[in-house]
K.L.:
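Input: one structure, supplied below.
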Amino acid sequence: MPSHPLTPSFEPAAFETKIYEYWEQNQCFRASDTNAPGQKSFSMVIPPPNVTGVLHMGHALTNTIQDILVRWRRMHGDNTLWLPGTDHAGIATQAQVEKAIAKEGKGPSGRPLTRHDLGREAFLARTWKWKEEHGSQITFQLKRLGSSLDWSRERFTMDEGCSSAVREVFVRLYEEKLIYRGERIINWCPRCQTALSDLEVIPSERKGSLWHLIYKIVDEKGNAVLNPDQSEAQVVIATTRPETLLGDTAVAVHPEDERYSHWIGKWARVPLPGGGLSRTVPVIADTYVDREFGSGALKVTPAHDFNDYDLGKKHGLAVLSVMGKDGRISADGGPYSGLKFSEAREKVLLDLNELGLLVRTEDHQHKVGLCQRCETVAEPIISKQWFVQIQPLAQPAIDAVKEGKIQFSPQSWEKTYYEWMNHIRDWCISRQLWWGHQIPAWYCDLCEGITVDRQTPRACVHCQAVGSHLRQDEDVLDTWFSSGLWPFATLGWPEKTETLETFYPTSILETGFDIIFFWVARMIMMGLHFMGEVPFRKVYLHAMVRDEKGEKMSKSKGNVIDPLKIVDVQGADPLRFTLAIMAGQGRDIKLSMDRVEGYRAFCNKLWNAVKFFHLQLQPQQGGALEEPFQGLVEEPVEGLENWIEKNYRELDGFNQWILLRLQKLIPVVEGGFQNFEINLSAQALYEFTWHQLCDWYIEFSKLSLKAGGRQRVETIYTLRFVLEKLLRLLHPLIPFVTEELWQSLP
RNA sequence: UGGAGUGUAGCUCAGUGGGAGAGCAUCCCCUUCACACGGGGAGGGUCGUAGGUUCAAUCCCUAUCACUCCAACCA
């Protein structure tokens with residue numbers, strides 16, 4: 001180990017890059033495929049950032065925490081693997097590339113270039129190129145942060161291995177009848193032109209109206225039913241989406257609602273002008289209807305509302321689809337066909353008003369689902385998609401947590417997990433995108449049968465038609481389908497590798513609570529199903545990083561703090577220490593630059609403490625250590641630790657004092673790392689370093705050091721021992737500066 | 001609607017059944033031989049509010065208020 005002089009003060013820019021190179025050259029982060037005798041393994045997979053992404057504060061936090069844990073275990077001698085990689089992030093990446101090509105020129109139509117102008121193959125080539133150019137960016141940024149990832153094992157969700165794992169899983173689930181293709185109600189983004197899973201739709205409050213419409217009651221022949229007073233019988237129905245009445249196939253009331261119960265079994269006329277649109281629909285009874293809300297009567301549109309879909313299924317109602325994928329009313333919508341949904345709403349209201357069928361309008365707050373990506377209102381429509389039948393996968397995943405095979409921290413998230421898992425709906429996994437894993441299903445143009453296979457099939461499994469009759473499904477899989485396999489796909493599955501044997505299940509998953517359902521739950525389900533074992537023992541969920549005012553960082557608010565700028569100016573260690581000490585659970589992290597600067601000062605303090613030690617070894621300070629002992633004390637030939645143990649009783653009181661404090665510090669720091677209370681470790685180390693070591697011990701030691709003789713020598717040994725221990729304890733938190741200081745020691 | 005979390009000094013946050021803390025900010029002093037990214041000192045808080053348990057509560061219990069987040073099928 002080289003020793004070298006130190007700069008006058010802590011200047012991270014002078015050594016951080018050099019230190020990381022040193023680690024890489026010495027393969028410090030390489031895991032071994034097999035454990036040495038008696039050695040334990042410790043493994044984590046990185047939550048793969050989007051391949052086109054840029055490191056933000058959330059990444060900085062999760063990767064700092066993970067790095068702390070993995071360095072800690074590595075220093076304890078475990079065979080540690082922290083596996084790096086990136087996610088292809090289907091829709092996000094595709095949107096970025098589409099944006100880029102739109103800027104580049106115009107297509108034949110005179111409009112900006114779209115992916116359709118390029119064609120699938122060229123567009124994908126283009127996206128791969130984009131990936132090559134941008135994918136390394138985040139890799140580089142993780143290194144700046146000091147992340148001790150085993151880069152020799154870097155993976156990508158669309159690389160050869162992950163892709164074959166995806167096909168393997170798809171085929172097996174299909175064979176087990178847990179993947180099916182079906183026409184069902186799904187969320188559709190008219191702008192992105194793709195299906196979305198429930199999770200990709202974000203409910204959001206909108207100011208809207210509640211329109212009260214008249215539905216006349218009729219008999220089975222369509223003749224008006226009269227009230228006792230000879231007026232025409234009717235029900236008023238309140239709706240927030242009047243345009244959907246084009247797809248109404250029933251009116252529902254509560255069975256015990258005295259206002260309406262006598263109409264059950266009769267019919268209601270959907271209030272629209274003639275032209276075939278004015279239909280009669282049955283009046284049905286269901287306790288689902290809330291008597292208190294609106295008028296207490298409900299129109300049922302199975303094709304365009306999830307609840308209505310369920311209701312329709314229960315009552316065997318027709319499913320009348322009136323909205324298309326282009327966000328417009330479909331062809332059979334009479335005078336409304338071709339209109340956008342919003343336009344159709346206006347026209348329906350106008351028409352009804354004219355007919356005197358709109359009785360009342362009131363303001364109403366309600367929730368609409370927005371596309372997670374583009375914030376367009378997502379529409380429930382009927383569409384043919386691929387689904388995972390999730391119940392059989394969910395139950396074991398629930399049990400695994402209940403039985404404690406996986407522990408969440410903070411534990412309170414387990415409740416939320418159960419809640420979601422218990423109400424889970426089948427997972428729509430097909431996306432109408434190009435960037436992603438194309439679905440390994442082929443359709444036969446002769447028999448229309450589906451062939452699902454790991455490779456391109458030679459023939460249709462149903463009619464044996466040759467390959468040229470087969471056409472692969474054009475859709476790709478939801479990005480989260482492949483990330484769900486991440487913990488075992490990256491370790492070599494479906495091959496039975498040593499790596500998999502050694503490192504699965506992984507030890508800890510560290511991530512944000514915002515992706516418990518997207519990612520964590522699916523990994524648990526997939527891991528249990530395909531590996532027969534949980535993918536990780538512990539799930540650590542960290543807090544959200546916010547700005548100083550406690551607001552969420554977002555580009556639009558302009559309050560984003562770029563972690564890399566902090567790394568450039570203050571250094572990676574101060575940022576890491578700040579995040580670590582603020583990462584207490586159950587509280588959001590409000591990042592303030594004052595704190596970062598404070599911990600930069602802390603690094604400087606540590607720096608100077610070591611510098612102080614160096615100075616003591618210089619001849620002008622009263623004698624170098626090379627020829628110093630002259631029999632004053634026994635030399636530490638068997639290492640400092642032994643020496644301290646042997647000579648502890650003989651030492652000066654203040655030397656004993658600092659050793660005692662150090663001894664008390666160690667379990668606190670270890671406990672913090674062990675129990676995912678890293679902030680406690682950081683706090684204790686800060687306190688010890690500054691106030692005990694620097695403020696008291698070093699100040700006091702100056703007397704002994706000046707005194708010379710035995711006092712001086714034993715103090716140098718003690719100081720060195722304490723510094724070495726301290727550097728090791730601090731290393732997981734602030735690896736760069738501790739490494740630099742460690743190497744400086746003679 | 002249900003669930004969770006938070007509320008402690010001006011700001012950001014630790015913390016514990018018996019003495020109320022740190023960093024930053026403020027004020028004063030100190031360029032003393034590791035460090036001015038420093039040292040010494042000062043001011044500043046009825047630990048959200050109201051009850052209860054206890055010899056004793058900021059910490060435990062109950063209620064209440066405020067803020068935040070999560071889940072959700074009220075058209």
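Keep in mind it's a predicted model, so treat the numbers as computed, not measured. Protein chains get the first letters and strands the later ones, always in sequence-line order, with residue 1 at the start of each.
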K.L.:
Using heavy atoms to find the nearest nucleotide of RNA chain B for V610(A) and S295(A) separately, return the residue whose nucleotide is more 5′.
P.N.:
V610(A)
K.L.:
Please collect all side chain to side chain donor-acceptor pair (under 3.5 Å) contacts where either partner lies in residues 568-582 of chain A, sequence neighbours excluded, each pair once.
P.N.:
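Only D67(A)-R576(A), R144(A)-D568(A) qualify under side chain to side chain donor-acceptor pair (under 3.5 Å).
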K.L.:
When the P atoms of rG48(B) and rG41(B) are compared, how many Å lie between them, rounded to an integer?
P.N.:
30 Å
K.L.:
Could you run through nucleotides 35-40 of chain B and give me one letter per nucleotide, 5' to 3': B if any protein heavy atom sits under 4.0 Å from the base, S if only the sugar-phosphate is that close, - if neither?
P.N.:
B-BSS-
K.L.:
For F602(A) and W690(A), take the angle between the two ring planes, folded into 0 to 90°, and tell me which bin it lands in: parallel under 30, tilted 30 to 60, perpendicular over 60.
P.N.:
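Correct class here is parallel.
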K.L.:
With both distances kept under 3.5 Å, what pairs with rC37(B), Watson-Crick or G-U wobble?
P.N.:
none
K.L.:
Please give, in whole Å, the distance from rU32(B) P to L705(A) CG?
P.N.:
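Interatomic distance, CG of L705(A) to P of rU32(B): 20 Å.
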K.L.:
When rounded to the nearest Å, what value does the distance between P atoms of rA22(B) and rA50(B) take?
P.N.:
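Each nucleotide's P atom is 27 Å from the other's.
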K.L.:
Among rC33(B), rA34(B), rC70(B), which nucleotide has an atom closest to any side-chain atom of L615(A)?
P.N.:
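In terms of side-chain proximity for L615(A), the closest of rC33(B), rA34(B), rC70(B) is rA34(B).
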K.L.:
Send over the distance from L741(A) CG to rA34(B) C1', rounded to a whole Å.
P.N.:
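Atom-to-atom, L741(A) to rA34(B), this comes out as 12 Å.
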K.L.:
Could you state the CG-C1' distance from N422(A) to rC70(B), rounded to the nearest angstrom?
P.N.:
16 Å
K.L.:
Strictly distance-based, threshold 3.5 Å: is any side-chain N or O of T738(A) a donor or acceptor partner for the main-chain N or O of L730(A)?
P.N.:
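Not at all, since once roles are kept as given, no pair shorter than 3.5 Å links the two residues.
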K.L.:
Has the side chain of R279(A) got a donor or acceptor atom that lies under 3.5 Å from a matching backbone atom of D248(A)?
P.N.:
yes
K.L.:
Any strand is fair game: report the nucleotide pairing with rC24(B) by Watson-Crick or G-U wobble, both distances under 3.5 Å, or none.
P.N.:
rG10(B)
K.L.:
Is the shortest side-chain heavy-atom distance between Y417(A) and V520(A) below 4.5 Å?
P.N.:
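Y417(A) does not reach V520(A) side chain to side chain.
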K.L.:
Between D257(A) and R291(A) (salt bridge meaning N to carboxylate O under 4.0 Å), is one present in this structure?
P.N.:
no
K.L.:
Find the partner of rU32(B): check Watson-Crick (N1-N3 plus N6-O4 or O6-N4) and G-U wobble (N1-O2, O6-N3) distances, both under 3.5 Å, and reply none if neither fits.
P.N.:
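Answer to the pairing question: none, since rU32(B) forms no Watson-Crick or G-U pair.
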K.L.:
Taking the C1' atom in each of rC13(B) and rU58(B), what is the distance between them to the nearest angstrom?
P.N.:
15 Å
K.L.:
Can you tell whether the side chains of R241(A) and E379(A) come within less than 4.0 Å, N to carboxylate O?
P.N.:
yes
K.L.:
Let's test this: given Watson-Crick or G-U wobble pairing with both distances under 3.5 Å, identify the partner of rU49(B).
P.N.:
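Pair assignment: rU49(B) / rA63(B).
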K.L.:
Holding to side-chain contact (heavy atoms from CB on, under 4.5 Å), I want the full list of residues that pass it with P282(A), two or more places apart in sequence or in another chain.
P.N.:
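A250(A), W267(A), I284(A), L317(A).
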K.L.:
Using nucleotides 42-44 of chain B, report all nitrogen or oxygen pairs with the protein that are shorter than 3.5 Å.
P.N.:
none

K.L.:
Using the P atom as the reference point in each nucleotide, state the distance between rA9(B) and rU1(B) in Å, no decimals.
P.N.:
32 Å
K.L.:
Applying side-chain contact (heavy atoms from CB on, under 4.5 Å), can you list everything that pairs with K313(A), at least two apart in sequence or on another chain?
P.N.:
R184(A), Y309(A)
K.L.:
Counting Watson-Crick and G-U wobble pairs only, both distances under 3.5 Å, name the nucleotide matched with rU54(B), or none.
P.N.:
none
K.L.:
Suppose you measure atom C1' in rC29(B) against the same atom in rG10(B); what distance do you get, rounded to whole Å?
P.N.:
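One C1' to the other, the span is 23 Å.
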K.L.:
Would you please indicate yes or no on a ring centroid separation below 6.0 angstrom for F341(A) and W188(A)?
P.N.:
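They do not qualify: ring centres at least 6.0 Å apart.
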K.L.:
In this structure, how many angstroms lie between the C1' atom of rU16(B) and the CG atom of L680(A), rounded?
P.N.:
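So the CG-C1' distance, L680(A) to rU16(B), works out to 13 Å.
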K.L.:
Is there a Watson-Crick or G-U wobble partner for rG19(B) with both distances under 3.5 Å, and which nucleotide is it?
P.N.:
none
K.L.:
Rounded to the nearest angstrom, tell me the gap between atom CZ in R291(A) and atom C1' in rA75(B).
P.N.:
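In whole Å, rA75(B) C1' lies 16 Å from R291(A) CZ.
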K.L.:
Taking any strand in view, what nucleotide pairs with rU68(B) in a Watson-Crick or G-U wobble way, both distances under 3.5 Å?
P.N.:
rA4(B)
K.L.:
Please state the C1' separation for the pair rC47(B) and rA57(B) - nearest whole angstrom.
P.N.:
11 Å
K.L.:
Can you check the distance between rA4(B) and rG19(B), where both ends of the measurement are the P atom (answer in whole Å)?
P.N.:
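One P to the other, the span is 31 Å.
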K.L.:
One thing to verify: whether E419(A) and K415(A) come together as a salt bridge, which I'm taking to mean a side-chain N less than 4.0 angstrom from a carboxylate O.
P.N.:
no
K.L.:
Send over the distance from Q570(A) CD to rC24(B) C1', rounded to a whole Å.
P.N.:
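Those two atoms, CD and C1', are 13 Å apart.
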K.L.:
Any base atoms under 4.0 Å from I698(A), or only sugar-phosphate, or nothing? Heavy atoms, all strands.
P.N.:
base
K.L.:
Give a yes or no answer on whether the side chain of R522(A) reaches the backbone of F518(A) with a donor-acceptor pair at less than 3.5 Å.
P.N.:
yes
K.L.:
Give me the distance, rounded to whole Å, that separates rU53(B) from rU62(B) when you measure between the P atoms they each carry.
P.N.:
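It comes out at 15 Å once rounded to the nearest Å.
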K.L.:
Shorter than 3.5 Å, N or O on both sides, protein versus nucleotides 71-73 of chain B: list them out with atom names.
P.N.:
unit_1  : atom_1 : unit_2  : atom_2 : d
rA72(B) : N6     : K367(A) : NZ     : 2.4
rC73(B) : O4'    : N307(A) : OD1    : 2.8
rC73(B) : O4'    : N307(A) : ND2    : 3.1
rC73(B) : O2'    : Y288(A) : OH     : 3.3
rC73(B) : O2'    : N307(A) : ND2    : 3.3

K.L.:
Is it true that atom CZ of F654(A) has more than 12 heavy atoms of other residues, nucleotides or ligands lying nearer than 6.0 Å?
P.N.:
yes
K.L.:
Going by distance alone, is a donor N or O of one side chain under 3.5 Å from an acceptor N or O of the other, for D652(A) and Q711(A)?
P.N.:
yes
K.L.:
CD of Q683(A) versus P of rU16(B): gap in Å, rounded?
P.N.:
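Distance check: Q683(A) CD to rU16(B) P gives 11 Å.
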K.L.:
Would you mind pulling out the nucleotide paired to rG44(B), Watson-Crick or G-U wobble, both distances under 3.5 Å?
P.N.:
none
K.L.:
How long is the line joining CD of Q411(A) and C1' of rA4(B), in whole Å?
P.N.:
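One finds 13 Å between C1' of rA4(B) and CD of Q411(A), rounded.
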K.L.:
Give the nucleotide from the list rA34(B), rA75(B), rG23(B) with an atom nearest to the side chain of Y686(A).
P.N.:
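Among rA34(B), rA75(B), rG23(B), the one nearest the side chain of Y686(A) is rG23(B).
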